[in-house]
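First comes the structure, then the notes that go with it.
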Amino acid sequence: MHAYDQYVLERMALPHGPASDFVLVNLFAAPLGAPMTADAITELLGWLSKRAGLDRSVTPRMLRRAAGSNLGDAGAGLDEISVLFDHARLASSEPYLTPAPDRLRSAVEAVPSPRELGGLR
């Protein structure tokens, strides 16, 4: 997150940086302000992974998976994730709905027990 925050600060300081709605844009190579290519993002993540001393490179697919899981954990529905990820079929979004263990625990605890319903504790 620190690296992305630094990127955003640098991006906003450049004349072409704030004008784009894309997450990662070309700041120093033409076309300036255009979205980075998939290959450029993969290369950047590989470089950052090595710089961070990771055993393996972080990939764009890993980031997409994390974003989809975060959406699901935040309560986004299958239809919302499908639209955000531009999936042609709803079933393509189902892997992102694997709930976090704490959400499972909360769901179980939200159901009153028969004892509670009967006024017993």
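Numbering of residues begins at 1 and proceeds along the displayed sequence. In what follows, every heavy atom counts, from backbone to side chain, and hydrogens, waters and symmetry copies are set aside.
Both V23 and M62 are members of a single hydrophobic cluster when ILVMFWY side chains are connected at heavy-atom separations under 4.5 Å. By the criterion of side-chain heavy atoms lying less than 4.5 angstrom apart, applied directly or through intervening Ile, Leu, Val, Met, Phe, Trp or Tyr residues, I81 is grouped together with L78 in one hydrophobic cluster. Both L97 and L84 are members of a single hydrophobic cluster when ILVMFWY side chains are connected at heavy-atom separations under 4.5 Å.
Side-chain atoms of E80 come within 3.5 Å of backbone atoms of G77 as a donor-acceptor pair (strictly under, hydrogens ignored).
Residues passing the side-chain contact (heavy atoms from CB on, under 4.5 Å) test with P112, sequence neighbours excluded: E116, L117. Partners of P31 under the side-chain contact (heavy atoms from CB on, under 4.5 Å) rule, at least two apart in sequence or in another chain, are N26, A34. Residues meeting the side-chain hydrogen bond (donor to acceptor under 3.5 Å, both in side chains) test with D73, sequence neighbours left out: R103. Among residues two or more places apart in sequence or in another chain, the salt bridge (charged side-chain N to carboxylate O under 4.0 Å, His left out) test is passed with D79 by none.
Two residues are said to be in side-chain contact when any heavy atoms from C-beta on lie closer than 4.5 Å; F85 and L71 meet this criterion.
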Using atom types as modelled, flag every donor-acceptor pair under 3.5 Å from a side chain in residues 42-55 to any protein atom, sequence neighbours excluded.
{"from": "T42", "atom 1": "OG1", "to": "A38", "atom 2": "O", "distance (Å)": "3.0"}
{"from": "S49", "atom 1": "OG", "to": "L45", "atom 2": "O", "distance (Å)": "2.7"}
{"from": "S49", "atom 1": "OG", "to": "V58", "atom 2": "N", "distance (Å)": "2.8"}

Using residues 87-95 as the side-chain source, report each donor-acceptor pair under 3.5 Å to any protein atom, sequence neighbours left out, with the distance given to one decimal.
{"from": "H87", "atom 1": "ND1", "to": "S93", "atom 2": "OG", "distance (Å)": "2.6"}
{"from": "H87", "atom 1": "NE2", "to": "R64", "atom 2": "NH2", "distance (Å)": "3.2"}
{"from": "S93", "atom 1": "OG", "to": "S82", "atom 2": "N", "distance (Å)": "3.3"}

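Contact between P18 and P15 at its shortest, heavy atoms only, is CD-O, 3.9 Å. Scanning both residues, R11 and L24, for their nearest heavy atoms gives NH1-N, 4.3 Å. Shown here for M36 and I41, the closest heavy-atom pair between the two residues is CB-CG1, 3.8 Å.
Counting heavy atoms of neighbouring residues, nucleotides and ligands inside a 6.0 Å radius, atom CZ of R65 exceeds 12 of them.
Within the model, atoms CD of E109 and CZ of R105 stand 5.0 Å from one another, a figure rounded to the nearest 0.5 Å.
Among L14, V8, L9, the one residue that satisfies the side-chain contact (heavy atoms from CB on, under 4.5 Å) test with M12 is V8.
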